[in-house]
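First comes the structure, then the notes that go with it.
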Amino acid sequence: MRMSMLFSQTLREAPTDAEMPSHKLLVRAGFIRQLAAGIYTAMPLAKRSITKIENIMRDEINAIGGQEMTMPVVHPAEVWQETERWYQVGSEMGRFKDKNDRDMVLAMTHEEVVADLTRKEIHSYRQLPVLIYHIQTKWRDDPRPRAGLIRVREFTMKDSYSLDADWEGLDKQYRAHYQAYFDIFHRCGIPVIAVKSDVGMMGGKVAHEYMYLTPHGEDTLLICNNCGYAANRQVATFKKEALPKEEALPLEKVATPDCKTIAELAEFLDIPEAKTAKAVFMVADIPVGESSIQKFIFAIVRGDMDLNETKLVNALQASDIRPATEEEIVAIGAVPGYASPIGLPEKSAYLPVVTVVDDLLTESQNLVAGANDASYHMLNTNLGRDYQADIITDLTAARAGDACSECGGSFREVRGVEVGNIFKLGTRYSDSMGCTFQDKDGKEKPVIMGSYGIGSGRLLASVAEEYNDEYGLIWPITVAPYQVHLVMLSAKKGDGTVEETAAQLYQDLQAGSVEVLFDDRQESPGVKFNDADLIGLPIRLTVGARGLEGGNIEFKRRDQKEKRLISQDEIIEAVKAEIATLEAEIKAEVVAVTFDE
RNA sequence: CGGGGUGUAGCGCAGUUGGCAGCGCGCUGCGUUUGGGACGCAGAGGUCGGCGGUUCAAGUCCGCCCACCCCGACCA
């Protein structure tokens with residue numbers, strides 16, 4: 001490609017609204033342009049890189065038996081109603097009506113379509129197992145798109161779906177993806193770790209997320225310094241340390257003026273925060289058939305700990321949850337700042353109340369809790385004696401320093417970007433949409449499903465985030481839009497040798513199957529070198545009068561400082577050899593990993 | 001959805017007590033330059049985010065709305 005013809009230009013300054021390095025650089029280097037919040041155009045350079053990423057994904061998924069297809073972006077609401085996700089998913093789902101006033105859905109993912117195909121196409125165990133995939137546009141109306149291509153509303157995703165006759169088959173396909181995903185990320189040059197994750201709206205049983213670790217990431221992970229256990233904070237479990245067991249003491253009401261927070265309360269009473277109970281009030285939507293009912297949730301954790309809302313949502317099987325307003329707290333008969341499960345009215349006229357208590361409180365005696373009376377707390381409250389729980393479960397958010405639930409080691413917190421995920425869906429969709437097959441034994445059984453996704457734009461942004469310096473991007477050879485940046489430094493008063501040599505080299509490289517971006521523009525050397533650094537192709541060749549005097553072309557790797565002169569006769573072979581070296585460096589990263597259930 | 005911020009030329013920004021809409025980069029033409037974002041001359045480019053109000057007069061003051069960004073909530 002001649003740069004004089006390339007549709008995109010570099011920018012000297014990034015738009016102010018870009019913050020992350022990958023976002024700034026992808027915009028400045030002319031890879032992407034924003035159309036609206038979370039909606040981007042991939043310009044030609046980005047499109048070439050994305051195509052390379054997608055071809056790596058095709059390669060790896062084909063290798064584990066995947067068959068590529070394309071499923072629609074627009075779905076009729078009916079299939080989403082069958083699985084009830086039409087009701088469970090909120091404003092994140094793009095809905096519209098067609099001209100006949102039928103409800104339609106913009107695809108957020110394709111389980112429904114796969115399940116519809118499965119029930120129509122799969123009848124016998126002889127047709128299983130199956131692995132199908134596609135690379136398709138999705139729409140998720142994220143409440144807060146951000147960070148350039150990291151978190152967008154419209155995006156392209158490679159997602160595969162496995163269909164099996166039994167759970168062993170699912171395990172096999174799941175493990176195949178587990179390895180294939182590592183291989184995909186490693187071939188793109190980015191380091192990732194796999195962590196246990198929440199299944200979220202996908203439903204199902206087991207899930208892993210692939211996290212690219214970066215301080216700019218939006219997910220918080222907990223990693224054990226000892227055994228390497230890693231989990232998203234949403235699901236991370238840890239060993240809670242109970243205080244020494246005590247005899248239950250009698251309940252006692254004490255005045256605690258101006259103690260609306262746990263910290264104030266602990267200081268006022270001169271007790272550790274661990275000797276208090278923290279009440280958090282939420283309002284949850286609990287799905288019931290095609291509609292849902294609201295419930296007031298009284299969540300209680302030990303005072304020195306934080307509530308993990310994901311765990312709460314899962315315990316309640318809620319579709320949505322939000323903090324309760326002061327008015328709602330008052331309406332159920334509690335007192336904000338001094339609220340408590342003790343002394344609540346038996347039945348609230350406002351909303352049904354569900355009390356959910358962290359399991360640690362079964363081993364915690366004589367905690368201080370609110371008295372449901374302004375400026376008063378209760379001493380020596382005890383679960384079971386003074387109040388009852390509707391649900392007792394793990395509700396607490398793990399934090400840095402907490403003890404690993406596997407080995408007791410200490411957690412550290414890191415930030416990461418989720419670049420892929422794999423889910424064991426099981427029969428979540430088969431059951432609701434009637435995907436059955438006849439097994440060997442003649443019985444009708446549900447198809448066992450799995451789903452596996454990687455966003456290609458997010459992956460591109462993650463690669464850009466991992467590889468850059470103060471001058472610009474530094475693409476790995478496997479993802480670079482072109483392999484070579486050929487810079488022509490011409491002078492008007494020259495005899496045309498530089499132009500001729502550069503144009504010939506451009507032809508020869510292409511004839512040798514090298515991908516070249518040829519900077520043939522009439523620009524000063526500084527502009528060209530800066531643009532080459534900014535765009536960040538792996539190899540730069542410079543053709544200038546200075547080098548040509550000795551019959552040489554200047555050769556430089558973007559990730560190295562040194563330049564060297566190579567004779568014109570040898571330059572093509574030298575470039576090919578360097579490309580092979582760069583590819584070998586990447587290939588060395590692709591290694592077998594152990595499956596960590 | 002809560003909190004904070006920003007909207008003035010393609011990009012980055014200035015615009016004072018309300019009184020001619022500006023600067024740098026980029027862009028167009030001509031000329032000079034050519035190994036790390038060159039220089040001269042001449043140009044083009046604006047519903048000052050939108051609507052309404054106050055005023056002789058609004059980029060500037062007031063109200064409402066919209067868009068975009070950041071933190072949180074939420075989320076693949």
Side-chain angles (χ1 to χ4, degrees), chain A residues 9-20 23-24 27-28 30 33-39 89-93 107-111 138-148 150-153 155-159 197-203 207-211 216 218-220 232 234 282-283 307 309-310 313 318-323 325 417-423 451-459 471-472 487-494 498-499 521-534 540 542-549 554 556 563 565:
Chain A
Q9 50 184 333
T10 57
L11 302 177
R12 191 177 289 230
E13 290 167 288
T16 12
D17 53 17
E19 291 232 331
M20 274 178 89
H23 185 193
K24 281 186 189 165
V27 171
R28 276 194 61 208
R33 294 290 183 255
Q34 186 179 40
L35 178 64
I39 305 179
V89 180
S91 55
E92 210 182 327
M93 183 184 286
M108 329 174 57
T109 173
H110 285 78
E111 281 76 16
K138 318 230 165 185
W139 172 261
R140 291 184 195 171
D141 200 351
D142 198 287
R144 187 153 100 80
R146 62 180 140 187
I150 297 287
R151 186 151 154 181
V152 291
R153 296 192 292 168
F155 59 102
T156 303
M157 188 178 231
K158 185 290 302 172
D159 46 333
S197 72
D198 182 49
V199 295
M201 73 163 184
M202 305 299 285
H208 284 88
E209 290 171 340
Y210 289 78
M211 308 295 309
H216 292 107
E218 53 180 4
D219 281 294
T220 301
N232 195 307
Q234 292 175 333
M282 313 290 287
V283 172
L307 174 71
E309 286 188 24
T310 304
V313 165
S319 60
D320 197 18
I321 200 161
R322 60 170 174 81
T325 62
V417 171
E418 181 187 349
V419 287
N421 54 49
I422 56 180
F423 293 92
S451 82
Y452 318 84
I454 298 178
S456 39
R458 181 179 278 191
L459 182 47
Y471 303 108
V487 177
M488 173 182 85
L489 298 180
S490 53
K492 248 189 193 166
K493 64 183 178 190
V498 170
E499 289 85 345
R521 299 173 301 168
Q522 290 299 320
E523 288 286 354
S524 67
V527 170
K528 294 189 171 193
F529 287 136
N530 278 308
D531 278 351
D533 288 343
L534 181 57
R540 188 183 81 190
T542 306
V543 181
R546 196 195 280 176
L548 285 186
E549 277 174 25
E554 183 193 278
K556 180 181 176 298
K563 304 166 187 167
L565 291 173

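Chain A is the first sequence line, chain B the second, and so forth, proteins listed ahead of strands; every chain is numbered from 1. None of the values given here were measured: they were computed from a predicted structure.
Inter-residue side-chain proximity for A:M20 and A:R146 is flagged as unmet; no heavy-atom pair is nearer than 4.5 Å. Residues A:D531 and A:E523 are not in side-chain contact: their nearest non-hydrogen atoms beyond the backbone lie 4.5 Å or more apart. Contact annotation: the side chain of A:V417 never approaches that of A:R151 to less than 4.5 Å [non-hydrogen atoms, C-beta and beyond].
In this entry B:rA42 has B:rU28 as its Watson-Crick or G-U wobble partner, both defining distances falling under 3.5 Å. B:rG22 is paired with B:rC13 under the Watson-Crick or G-U wobble criterion, all donor-acceptor distances under 3.5 Å. With both pairing distances under 3.5 Å, B:rG37 is matched to nothing as a Watson-Crick or G-U wobble pair. Pair check for B:rC64 finds B:rG50; Watson-Crick or G-U wobble, both atom distances under 3.5 Å. Applying the Watson-Crick and G-U wobble criteria (two distances, each under 3.5 Å), B:rG2 pairs with B:rC71.
Judged purely by atom type and a 3.5 angstrom limit, A:R140 has no side-chain atom pairing as donor or acceptor with the backbone of A:R153. The backbone N or O of A:T542 lies less than 3.5 Å from no partner atom in the side chain of A:K556, so there is not a single donor-acceptor pair. Under a 3.5 Å cut-off, the side chain of A:R33 and the backbone N or O of A:V27 do form a donor-acceptor pair. Listed for the A:K528 side chain is a donor-acceptor partner under 3.5 Å among the backbone atoms of A:M488. Remark: the backbone N or O of A:E418 is paired with a side-chain donor or acceptor of A:R458 at under 3.5 angstrom.
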Can you check each nucleotide of nucleotides 8-15 of chain B against protein heavy atoms at under 4.0 Å and return B for base, S for sugar-phosphate only, - for none, in 5' to 3' order? ---SSS--
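Rounded to whole Å, the C1' atom of B:rC20 lies 15 Å from the corresponding atom of B:rG46. Comparing the C1' positions of B:rG45 and B:rC25 gives an interatomic distance of 14 Å, to the nearest angstrom. B:rG59 and B:rC48 have their P atoms separated by 7 Å, with the value rounded to a whole Å. The separation of B:rG40 from B:rG52, taken at their C1' atoms, amounts to 49 Å, rounded to a whole angstrom. B:rU60 and B:rU8 are spaced 14 Å apart, taking the P atom of each and rounding to whole Å. If you take atom C1' in B:rA58 and the same atom in B:rU16, they sit 15 Å apart, rounded to whole Å. Between B:rG5 and B:rG63, the distance separating the two P atoms is 15 Å to the nearest Å. Using atom C1' as the reference point in both B:rA76 and B:rG7, the two lie 32 Å apart (nearest Å).
Nearest nucleotide to the side chain of A:Q522, out of B:rG37, B:rA76, B:rU34: B:rU34. Across B:rC68, B:rA38, B:rA76, the shortest atom-to-atom separation from the side chain of A:S524 is found for B:rA38. Checking B:rC25, B:rU34, B:rA76 against the side-chain heavy atoms of A:R12 singles out B:rC25 as nearest. Ranking B:rG37, B:rA76, B:rG36 by closeness to the A:T10 side chain, first place goes to B:rG37.
As judged by a 4.0 angstrom heavy-atom cut-off over every strand, A:G420 is placed among residues making no nucleic acid contact. Residue-level contact check: A:R153 touches neither bases nor backbone, having no heavy atom under 4.0 Å from any strand. When heavy atoms are screened at a 4.0 angstrom cut-off, A:D159 is found touching no nucleic acid atom at all. Within the 4.0 angstrom heavy-atom criterion, no nucleotide atom of any strand lies near A:G453. Looking at heavy-atom distances under 4.0 Å, A:V543 makes no contact with the nucleic acid at all. Across all strands shown, A:R540 has heavy atoms under 4.0 Å from base atoms, whether or not it also approaches the sugar-phosphate. If you check every strand for non-hydrogen atoms under 4.0 Å, A:N530 touches a base.
For the pair A:R521 CZ and B:rG37 P, the computed distance is 14 Å after rounding to whole Å. A straight line from CZ of A:R28 to P of B:rG37 spans 14 Å, rounded to a whole angstrom. A:L489 has its CG atom 12 Å from the P atom of B:rU34, to the nearest Å. As a whole-Å value, the separation of A:H110 NE2 from B:rA76 P is 17 Å. The interatomic distance linking A:I150 (CD1) with B:rC71 (C1') rounds to 18 Å, in whole Å. Put simply, NZ on A:K528 is 13 Å from P on B:rA38, counting in whole angstrom units. Look at CG on A:L548: it is 14 Å from C1' on B:rU34, rounded to the nearest Å. Across the protein-nucleic acid pair, A:Q9 atom CD and B:rG26 atom P stand 11 Å apart, rounded to whole Å.
Atom-to-atom distance recorded for A:M108:CE and A:F155:CZ is 8.0 Å, nearest 0.5 angstrom. Atom CG of A:L534 and atom OH of A:Y471 lie 13.0 Å apart (nearest 0.5 Å). Interatomic distance, CZ of A:R546 versus CG of A:L489, reported as 9.0 Å (0.5 Å rounding).
The side chain of A:Q34 places an N or O atom within less than 4.0 Å of a non-bridging phosphate oxygen (OP1 or OP2) of B:rC69.
Checked against side chain to side chain donor-acceptor pair (under 3.5 Å), A:T156 has no partners two or more places apart in sequence or in another chain.
Comparing A:V152 and A:Y471 by the nucleotide of RNA chain B that holds the closest heavy atom to each, the one mapping nearer the 5' end is A:Y471.
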At a cut-off of 3.5 Å, list every protein nitrogen or oxygen paired with a nitrogen or oxygen from nucleotides 72-74 of chain B, distance to 0.1 Å.
residue: B:rG72; atom: N7; partner: A:R144; partner atom: NE; Å: 3.4
residue: B:rA73; atom: O3'; partner: A:E309; partner atom: OE1; Å: 3.4
residue: B:rC74; atom: OP1; partner: A:E309; partner atom: OE1; Å: 2.3
residue: B:rC74; atom: O2; partner: A:R151; partner atom: NH2; Å: 3.4
residue: B:rC74; atom: N3; partner: A:R151; partner atom: NH2; Å: 3.2
residue: B:rC74; atom: N4; partner: A:R146; partner atom: NH2; Å: 3.3

